[in-house]
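Have a look at the structure below before the remarks.
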Amino acid sequence: MKPIKIIFDCATQEEIVREMNDSEYAQYLIDVAAWEAKQAEQQAEAPTE
Amino acid sequence: MGYSVFPAPSGGLTVSDLITEPTLTLLGSSTNTAAATTRTISSISTAYKKLYIYINGLVDCNNYANVGVRFNSDAANRYTYLGFQFKQTTTGQTRIVQDSADYDYMNLTYESGMYSTGKYYGVMEIEDYASTTSSRKIGRFKGTHTGGENTPYYEQADFIYHQSSASAITSIDVFVNAGTAALVNSTSGGIFVFGAK
């Protein structure tokens with residue numbers, strides 16, 4: 001099961017709750033990987049006590 | 001000593017223009033309490049001068065998820081963010097504790113106002129959002145919380161951003177990108193998008 005996305009459409013005032021589609025899920029994986037890489041980089045740069 | 005009386009100019013601003021407060025219209029909101037990784041406000045009207053986006057109580061304090069905001073689902077680095085975080089210490093000093101940039105989305109940490117209702121909130125002001133002129137500053141986000149371990153305590157994150165995309169902003173994604181954490185609205189929390197004339 002892919003992550004859930006909640007969309008509110010201002011034009012119709014309707015809400016849609018659905019799983020991410022393939023392209024959204026691909027971008028989600030990119031964002032997670034980039035964030036985890038940045039966290040690892042910051043931890044590597046952090047001064048040791 | 002004489003003086004001249006000039007006729008009132010025609011057109012231009014009137015007294016009413018100068019004293020009338022801008023009218024805010026609620027365009028849409030996301031207050032569903034179901035857990036989600038992304039919340040999107042879409043099909044935003046371009047008939048206003050500014051957008052105000054109020055974000056409050058989206059993430060459980062215990063999760064400390066990273067939260068991002070992205071316009072038009074555009075992940076092509078056409079938006080640049082420069083952020084400053086201000087922290088007031090218990091002795092009343094205010095200092096800059098962090099800056100950030102070079103993301104293709106606005107990166108909001110837990111200090112930036114995403115967490116439990118009443119203690120943390122963030123307001124994003126998007127100027128000239130409907131313009132299709134590229135390379136322009138489009139607004140700022142201010143997030144604040146009070147309380148915490150060392151009360152009295154105050155923090156503010158201030159992001160200034162601009163876009164090089166020649167598209168009006170009609171869609172806003174708020175999302176988490178840290179593991180399994182999800183956006184969950186606290187009581188009365190959520191995302192509220194207002195248009196201002």
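Chain naming here is simple, since letters A, B, ... match the order of the sequence lines and numbering starts at 1 in each.
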Max heavy-atom pairs within cutoff under 4.5 Å with chain B, candidates A:Met20, A:Glu24, A:Lys5, goes to A:Lys5
Who among B:Leu27, B:Thr170, B:Leu26 has the most heavy-atom pairs with chain A under 4.5 Å? B:Leu27
Start with the C-alpha gap between B:Ile44 and B:Tyr129, add the side-chain angles, then the distance that decides, and say whether side-chain contact (heavy atoms from CB on, under 4.5 Å) holds. CA-CA 10 Å; B:Ile44 297 171; B:Tyr129 74 100; 4.3 Å; yes
If you count heavy-atom pairs within less than 4.5 Å of chain B, which of A:Ile4, A:Ile6, A:Leu29 leads? A:Ile6
Between B:Ser73 and B:Asp173, is there a side-chain donor-acceptor contact under 3.5 Å, judged purely by atom types and distance? yes
Have A:Gln27 and A:Asp31 got a donor and an acceptor in their side chains that come within less than 3.5 Å? yes
Run the salt-bridge test on B:Glu125 and B:Lys50 with the 4.0 Å N-O cut-off and return the result as yes or no. yes
